[in-house]
Amino acid sequence: MQASALFKALQTGTLDRSGLGQEYSVFATPVKVRAASVVLKPLGDITGVDVRSIGERGGMEVSSVRLTLASKILDALMYRSTDGKVQEYLLFRP
């Protein structure tokens, strides 16, 4: 699932921009990616992924995913355009 792969990339600070939409790629500056890594790395490995829903909004696919980590649970919302590129990725506590 792309949501967990993107989480792992942010954890390690190695974001592959080929799967990102242009605006999200510009938003995800190297400084922001490093800051995300500092916060996400200590949470540990993903131990479970639960796709809660997949829908459509504004012509984009919207996936709601629950990530179970070694030390906590996070929810992710991922918006992808019809070409499969991630346009927005949000993480929050349930």
Between [X] and [Y], what is the shortest heavy-atom contact and its length?
X: Gln2; Y: Val86; value: NE2-CG2, 3.3 Å
X: Thr12; Y: Thr14; value: OG1-OG1, 2.7 Å
X: Ala28; Y: Leu15; value: CB-CD2, 3.8 Å
X: Gln87; Y: Ser81; value: NE2-OG, 2.9 Å

Using side chain to side chain donor-acceptor pair (under 3.5 Å) as the criterion, list what pairs up with Ser53, not counting sequence neighbours.
none
Apply the test side chain to side chain contact (heavy atoms under 4.5 Å, CB included) to residues Ser63 and Val51: give CA-CA distance (whole Å), side-chain angles for both, the deciding distance (0.1 Å), then the verdict.
CA-CA 7 Å; Ser63 302; Val51 178; 5.6 Å; no
Value rounded to 0.5 Å, distance of [atom1] in [X] from [atom2] in [Y]:
X: Lys41; Y: Lys8; atom1: NZ; atom2: NZ; value: 14.5 Å
X: Leu20; Y: Tyr89; atom1: CG; atom2: OH; value: 11.5 Å
X: Glu61; Y: Glu56; atom1: CD; atom2: CD; value: 10.0 Å
X: Met78; Y: Ile54; atom1: CE; atom2: CD1; value: 8.0 Å

The single option from Val38, Leu6, Leu40 that satisfies side chain to side chain contact (heavy atoms under 4.5 Å, CB included) with Gln11 is Leu40
Is [Y] reachable from [X] through a run of hydrophobic residues whose side-chain heavy atoms are each under 4.5 Å from the next?
X: Leu67; Y: Leu77; answer: no
X: Ile46; Y: Leu91; answer: yes
X: Phe7; Y: Phe27; answer: yes

Mark yes or no: Lys85 above the aromatic ring of Tyr24, with NZ or CZ under 6.0 Å from the six-membered ring centre and no more than 45 degrees from the axis.
no
Less than 3.5 Å apart, which donor and acceptor atoms pair up between the side chains of residues 68-76 and the rest of the protein, not counting sequence neighbours?
{"from": "Ser71", "atom 1": "OG", "to": "Leu43", "atom 2": "O", "distance (Å)": "3.1"}
{"from": "Asp75", "atom 1": "OD1", "to": "Arg66", "atom 2": "NE", "distance (Å)": "2.7"}
{"from": "Asp75", "atom 1": "OD1", "to": "Arg66", "atom 2": "NH2", "distance (Å)": "3.4"}
{"from": "Asp75", "atom 1": "OD2", "to": "Arg66", "atom 2": "NH2", "distance (Å)": "3.0"}

Step through the shown structure and confirm whether more than 12 heavy atoms of other residues, nucleotides or ligands are within 6.0 Å of CD on Gln22.
no
Please check if atom CG in Asp83 has more than 12 non-hydrogen atoms from other residues, nucleotides or ligands closer than 6.0 Å.
yes
